[in-house]
Amino acid sequence: MKTNILFLFLVFQFLSPSSHAQPPSDVTHILFINSTNQDMPWYKSVELGLRTELTKRSFSYELFVENIDVNRFDEVNQKQLMKDYLKQKYKNKHIDIIVTQSPSAATLLSSIR
């Protein structure tokens, strides 16, 4: 339940107007954040499932995928590095929807303004 509330909070945070956001377009920008190794079979199935469902939709979208990989690195340091990286990378990109596959990724996103 807490994860769902956190996820909704994050979606609204990224949907709120920002001075750095690009103007809205006809394309929905979706950011998928994985907190583990991208080569794990179950992660691959989650990403494939997301892509499969998105292709069934009638809207145009662009999917961005990020892997923060906190399991193989020091989680505290890795989260800070990824936080800085994501802020810089997406500072001029309007993200409409954020999907996370774990509480670690959701927690990381909640700390980014």
Participant: Considering only heavy atoms from C-beta outward, does the side chain of Ile30 approach that of Ile95 to under 4.5 Å?
Facilitator: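 No, their side chains stay 4.5 Å or more apart.
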Participant: In Å and rounded to the nearest 0.5 Å, what is the CG to CD distance from Leu50 to Gln101?
Facilitator: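 So the CG of Leu50 and the CD of Gln101 are separated by 11.5 Å.
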Participant: Testing the basics here: between Ile68 and Ile33, what is the closest heavy-atom pair and its distance to 0.1 Å?
Facilitator: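 Shortest heavy-atom contact: CG2-CG2, 4.1 Å.
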Participant: May I ask you to test the Leu31-Ile97 pair for a side-chain heavy-atom distance under 4.5 Å?
Facilitator: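 Contact flag for Leu31/Ile97 side chains = no.
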Participant: Looking at residues at least two apart in the chain, or sitting in another chain, which of them share a side chain to side chain contact (heavy atoms under 4.5 Å, CB included) with Lys44?
Facilitator: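 So Lys44 forms a side chain to side chain contact (heavy atoms under 4.5 Å, CB included) with Asp39.
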Participant: Among all residues two or more places apart in sequence or in another chain, which pass the side chain to side chain contact (heavy atoms under 4.5 Å, CB included) test with Gln80?
Facilitator: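 For Gln80, the residues satisfying side chain to side chain contact (heavy atoms under 4.5 Å, CB included) (neighbours in sequence not counted) are Lys83, Asp84.
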Participant: Can you list everything that forms a side chain to side chain contact (heavy atoms under 4.5 Å, CB included) with Leu81? Sequence neighbours excluded, please.
Facilitator: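 Applying side chain to side chain contact (heavy atoms under 4.5 Å, CB included) to Leu81 gives Gln78.
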Participant: In the structure I gave you, are the side-chain heavy atoms of Glu66 and Leu86 within less than 4.5 Å of one another anywhere?
Facilitator: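 A side-chain contact under 4.5 Å exists here.
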Participant: In chain order, what residues pass the side chain to side chain contact (heavy atoms under 4.5 Å, CB included) check against Thr52, with sequence neighbours excluded?
Facilitator: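 Testing Thr52 for side chain to side chain contact (heavy atoms under 4.5 Å, CB included), a comparison that skips the adjacent residues, returns Leu48, Lys56.
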Participant: Would you give me the side-chain donor-acceptor pairs under 3.5 Å for residues 57-65, sequence neighbours excluded?
Facilitator:
residue: Arg57; atom: NH2; partner: Glu53; partner atom: OE1; Å: 3.3
residue: Glu62; atom: OE1; partner: His29; partner atom: NE2; Å: 3.4

Participant: Is any side-chain heavy atom of Val46 closer than 4.5 Å to a side-chain heavy atom of Phe32?
Facilitator: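 Sidechains of Phe32 and Val46: in contact.
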